[in-house]
Visitor: 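Before anything else, here's the structure in question.
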Amino acid sequence: MATTKVAIAPMKVAEVPKAGADFQIVDREIPKPGAGQVRIKVQACGVCHSDVLTKEGGWPGIQYPRVPGHEVVGIIDEIGAGVSAWSEGQRVGVGWHGGQDGTCPSCRRGDFRNCRNLKIPGISYDGGYQQYMLAPIEALVAIPEGLGAAEAAPLLCAGITTFNALRHSGAMPGDLVAVVGIGGLGHLGIQFASKFGYRVAAIGRGSENAALAKELGANLYIDSKAASAAEALQELGGAQVILATAPNSKLMSELVDGLGPNGRLMVVGATMDPIEVTPLQLIFGSRTIQGWAAGTPADSEDTLHFAELTGVRPMIETYPLEKAGEAYARMMSGNAQFRVVLTM
Ligand SMILES: [Zn+2]
Ligand SMILES: [Zn+2]
């Protein structure tokens, strides 16, 4: 049988030609979905700090050219062979969890989130900085009606990360929960923590974000530049959970002393610097330090439904796909309020 290569029309793609190179907007043929895949007509894709792994080549074995993007929302416009649970015209998303192998020890225990061969869109295969994207069905997230594409996109990485970390943190309604950093992750973490019924202490550097933190649902604001945040938390009885979103290991180290008995430091802000802690800091008070990464597509759906139900929304700045380089630079500047999203 002859294989026919169907070139419908070229599509626009923002690709990284090689590690460290600038973005290039190029034309490519619209790809055909293979078995177990769907093709998504992309509507929006968030620009996440983890895209630096693709842009700068920080992921072992990454191949180029590569299209970044793991906060993708769009419409299925074609399904591949063997796909029955998803249909054309359905709104879907793809987040950090881009597919599991189904065979590793973690997957065999049903722990797909910790698959040892986890696929990540924009790293393992081309992600959402393009007009059409192929995705395996195990990565698909159904998008609820009540959320627009551009506001749903950041919930698929920044949103799920904070939502899932908090709901697995052990904190109960009424507990003192501190959210460190009023940024891309933190501004969502504050909203989720507030809607979970926690007593929310937002911790930021300087007083300029105090009003915004309270608007987002924080009950109180601690300026870590003006005072010791750990002492401020101890004066309130100690935090049950500290969600550390700011990629600042020094601050995380200082905040261990802000935990109450059985308190937990939940680390989601990614950095290469070590957190310093003494055994005694952990032993007295039975404190825990735990890391957390995103979650499965089902966890993403929980995040989206909860956001739809409670009004949690990301604050976004949108850029057209053609300005991917500018959008990425804006995200890297740290000045975006708060998530940058490409729209197609
Ligand atoms: Zn991300
Ligand atoms: Zn696996």
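Index from 1, following the sequence. All ligand and atom numbering here is 1-based and tracks the order in the structure.
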Visitor: Using the Zn ion (ligand 1) as the vertex, how large is the angle between SG of Cys48 and NE2 of His70, rounded to 10 degrees?
Guide: 110°
Visitor: Inspect the surroundings of CD in Gln63 and state if more than 12 heavy atoms from other residues, nucleotides or ligands are less than 6.0 Å away.
Guide: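 Open: at most 12 neighbouring heavy atoms sit under 6.0 Å from CD of Gln63.
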Visitor: For the CD atom on Glu276, are there more than 12 heavy atoms of other groups (residues, nucleotides or ligands in this structure) within a distance under 6.0 Å?
Guide: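 Atom CD in Glu276 is not packed in, count stays at 12 or less.
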Visitor: Is NZ or CZ of Arg113 both nearer than 6.0 Å to the six-membered ring centre of Trp96 and within 45° of the ring axis?
Guide: no
Visitor: What do you get for the angle at the Zn ion (ligand 2) between SG on Cys115 and SG on Cys107, to the nearest 10 degrees?
Guide: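 Answer comes to 110°, rounded to 10°.
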Visitor: Is it true that Lys250 and Glu254 make a salt bridge, defined as a side-chain N closer than 4.0 Å to a carboxylate O?
Guide: yes
Visitor: Flag His49 as yes if one of its N/O/S atoms falls below 2.8 Å of the Zn ion (ligand 1), otherwise no.
Guide: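 It does not; every qualifying atom lies at 2.8 Å or beyond.
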Visitor: Roughly, to 10 degrees, what angle do Asp101 atom OD1 and Cys104 atom SG form around the Zn ion (ligand 2)?
Guide: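 Output for this angle: 120°, rounded to tens.
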